[in-house]
Amino acid sequence: MQFFAYEHLPPHLRDVSRPFGEMAKSIVDTLPRNPERTVALRKLLESKDAAVRAFLFKDAI
């Protein structure tokens with residue numbers, strides 16, 4: 001769950017990361033611990049990282 005923390009981020013990145021952190025918490029709180037839950041969290045983390053990169057993306061000139 002440490003990689004889903006968002007409180008330390010600046011506001012513009014916090015807004016992008018927060019929904020992923022909330023979803024991760026929901027997954028941990030509602031699904032049994034098993035390899036598929038781990039996969040779900042890993043893929044969610046990959047998605048969060050991509051969303052942050054998409055937000056920060058700058059077109060090359």
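Residue numbers run from 1 in the order of the sequence given. Keep in mind it's a predicted model, so treat the numbers as computed, not measured.
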hydrophobic_cluster_shared for Leu41 and Val39, side chain cutoff 4.5 Å: no

Hydrophobic cluster membership, with links at side-chain heavy-atom distances under 4.5 Å among I/L/V/M/F/W/Y: are Val52 and Phe3 in one? no

If two hydrophobic side chains count as joined below 4.5 Å and joins carry through other members, does Tyr6 share a cluster with Phe55? yes

Would you give me the side-chain donor-acceptor pairs under 3.5 Å for residues 11-26, sequence neighbours excluded?
unit_1: Arg14; atom_1: NE; unit_2: Leu9; atom_2: O; d: 3.2
unit_1: Arg14; atom_1: NH2; unit_2: Leu9; atom_2: O; d: 2.6
unit_1: Asp15; atom_1: OD1; unit_2: Arg18; atom_2: NH1; d: 3.4
unit_1: Ser17; atom_1: OG; unit_2: Leu13; atom_2: O; d: 3.2
unit_1: Lys25; atom_1: NZ; unit_2: Asp29; atom_2: OD2; d: 2.6

Among pairs that include at least one residue of residues 31-51, which meet ring pair (Phe, Tyr, Trp, His ring centres under 6.0 Å), considering only residues two or more places apart or in two chains? none

Please list all pairs passing the salt bridge (Lys or Arg N to Asp or Glu O under 4.0 Å) test where one or both residues lie in residues 32-55, with sequence neighbours left out. none

